[in-house]
2 protein chains.
Amino acid sequence: MKDKLLLLGVLKQSEMHGYQLYDFIEQNLASCTTLKKPSAYFLLSKMEQEGLVQVVEQRIGNRPPRKVYRLTQAGERLFQQLLQENLSQFTPTVFPGDIGIAFLDQIPIEQGVRLLRKRLQKMQVHLAHLETIPPHRGSASLLIKHQIQHLHNEIQWLREVIADLQEAGNLPQAQKDNEFSHQDSSSN
Amino acid sequence: MKDKLLLLGVLKQSEMHGYQLYDFIEQNLASCTTLKKPSAYFLLSKMEQEGLVQVVEQRIGNRPPRKVYRLTQAGERLFQQLLQENLSQFTPTVFPGDIGIAFLDQIPIEQGVRLLRKRLQKMQVHLAHLETIPPHRGSASLLIKHQIQHLHNEIQWLREVIADLQEAGNLPQAQKDNEFSHQDSSSN
DNA sequence: GGGCGCATGTAATGAGTTACATGATTGA
DNA sequence: TCAATCATGTAACTCATTACATGCGCCC
């Protein structure tokens, strides 16, 4: 239902056809949804059936016809309702990446460090990418700021996790740094 | 597939029956997944068919029989593989709550502020709850720390959004503040 | 004796993805 | 002429959720 709000909101600001709409979302609102193209088209035709949007077919020369969508009053009402719900709600963030963290003790420390470094690097690349995005207008810039601030925070946390892990590896057995020469009781 | 890793990991640490497993996840790993009970049972029986886990039926008195699951070698191998993937991957966080933020300019500022305050309050309640959780052992404490740190960050961000919004409302029409007398940035 | 916790599931439903299908225009 | 972009969709599939079904034990 989140995505319905998203589509309604974008269409409220200006009418669009599906392709354009998806494009817009991908470029400006990727941080709030993972909606894929067929899902967007599907949702749009469903919303048409529900009377939330009106469709006008548009032909330009011989190019593929477009279906231009615009909000109806019912759509407008639903938008207001969903918007209020969304703004007042709070849904705790779920971190699938924490599953691996929870089982860090199941693999050798060096391996854990290596893998997490890989993750860290990807995060840094992503952050760098976010920071190149030119400032959007309006609320959209809030979203980018949100992403950046969040990612900073995540990077910091991951750094701490890696540091802890390395520390834990250095205390117990003062020596361990001649490669993986042996493999004690792993198993289970 | 995330949840498969989760189940395998928990079962690797100690064999369990389904009910117990779900309980454990709910209490200790709620921050990495939203897996529901029937899904857990379903996944377990699927994993049995795939030869990832072994089942032993256990009866105690007349109580409902339990199916105790334990990892097979195939399960062990898959666990290692999924764990490595999970640790080295990075998936950008998606914030469904940002959809509403993106359309903040579609409603009156006071209303926006009011709704976001509601959201903020829920976040604070949740944070307070997280902070009462006694320290877990091992990696689990990392997860809680992660949640807390993240939530702090989210609260801070939301405070800024609200402040910005109010500012934007105060410039155009200098008076507007005879409702909530004030609310300084206290604490965090 | 009534309700909650233990213990396991099924069935219906729905949401969303991937892969596929089509066909025109534009630029290299 | 070949690939990419524009433009829309369908069909098959996976995945997960909700609601429902069952039944014993334990405590009040």
Side-chain angles (χ1 to χ4, degrees), chain A residues 1-8 10-11 15-27 29-30 32-50 52-70 82 91-92 94 96 99, chain B residues 1-8 10-11 15-27 29-30 32-50 52-70 78 82 86 91-92 94 96 99:
Chain A
M1 301 289 101
K2 304 279 166 59
D3 294 325
K4 219 178 217 174
L5 170 59
L6 186 70
L7 295 183
L8 289 172
V10 176
L11 289 178
E15 53 181 59
M16 288 189 184
H17 60 273
Y19 194 88
Q20 194 180 0
L21 187 56
Y22 176 74
D23 239 48
F24 180 84
I25 289 172
E26 209 188 18
Q27 280 176 42
L29 300 164
C32 345
T33 187
T34 58
L35 189 73
K36 295 298 182 296
K37 220 181 273 189
S39 310
Y41 279 119
F42 180 77
L43 250 183
L44 282 171
S45 57
K46 202 178 130 200
M47 282 161 60
E48 190 199 345
Q49 280 168 29
E50 292 169 345
L52 301 169
V53 291
Q54 261 183 327
V55 190
V56 177
E57 189 131 336
Q58 198 183 69
R59 273 161 200 282
I60 296 178
N62 242 352
R63 309 178 105 273
R66 303 162 164 180
K67 289 190 170 178
V68 178
Y69 293 89
R70 108 186 311 161
L82 292 178
T91 317
V94 168
I99 298 178
Chain B
M1 298 290 102
K2 304 279 168 58
D3 293 326
K4 219 177 216 173
L5 170 59
L6 186 69
L7 295 184
L8 289 172
V10 176
L11 288 178
E15 53 181 60
M16 287 187 184
H17 61 273
Y19 194 89
Q20 194 182 359
L21 188 56
Y22 175 74
D23 239 48
F24 181 83
I25 290 172
E26 210 188 18
Q27 281 177 40
L29 300 164
C32 346
T33 186
T34 58
L35 189 73
K36 295 301 183 292
K37 220 182 272 190
S39 310
Y41 280 117
F42 181 77
L43 251 183
L44 282 171
S45 59
K46 201 177 131 201
M47 282 161 59
E48 189 199 345
Q49 279 167 30
E50 293 169 343
L52 301 170
V53 291
Q54 261 182 328
V55 189
V56 177
E57 188 132 336
Q58 198 184 68
R59 274 162 199 281
I60 295 178
N62 242 352
R63 310 177 105 271
R66 304 160 162 180
K67 289 191 171 179
V68 178
Y69 292 90
R70 105 185 314 160
L78 184 61
L82 293 179
N86 183 288
T91 316
V94 168
I99 298 178

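Model, not experiment: these values are computed from the prediction.
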Nearest-Å distance, [atom1] ([X]) to [atom2] ([N])?
| X | N | atom1 | atom2 | value |
| --- | --- | --- | --- | --- |
| D23(A) | dT5(D) | CG | P | 11 Å |
| D3(A) | dG14(C) | CG | P | 17 Å |
| R66(A) | dA7(D) | CZ | C1' | 9 Å |
| K36(A) | dT18(C) | NZ | C1' | 11 Å |
| K37(B) | dA7(C) | NZ | P | 10 Å |
| F42(B) | dA12(C) | CZ | P | 15 Å |
| F24(B) | dA7(C) | CZ | C1' | 19 Å |
| H17(A) | dT5(D) | NE2 | P | 15 Å |

Tell me which nucleotide among [options] gets nearest to the side chain of [X].
| X | options | value |
| --- | --- | --- |
| K46(A) | dT17(D), dA15(C), dA7(C) | dA15(C) |
| M1(A) | dA7(D), dG9(C), dA15(C) | dA15(C) |
| K67(A) | dG16(C), dA7(D), dG9(D) | dG9(D) |
| Y19(B) | dG9(D), dG9(C), dT8(C) | dT8(C) |
| S39(B) | dA7(C), dT17(C), dT17(D) | dT17(D) |

Checking K67(A) side chain against P65(A) main chain: does a donor-acceptor pair fall under 3.5 Å? no
Is any side-chain N or O of Y41(B) closer than 4.0 Å to OP1 or OP2 of dT8(C)? yes
Which atom names give the shortest non-hydrogen contact between Y22(A) and A40(A), and what distance separates them? CD1-CB, 4.4 Å
Would you indicate what [X] reaches in the nucleic acid, counting non-hydrogen atoms under 4.0 angstrom: base, sugar-phosphate, or nothing?
| X | result |
| --- | --- |
| K4(B) | nothing |
| T34(A) | sugar-phosphate |
| P38(A) | base |

Straight-line distance of I25(B) CD1 to M16(B) CE, nearest 0.5 Å: 8.5 Å
In Å, rounded to the nearest 0.5 Å, how long is the span from CG of L6(B) to CG of L21(B)? 8.0 Å
Close side-chain approach of Y69(A) and L44(A), heavy atoms under 4.5 Å: yes
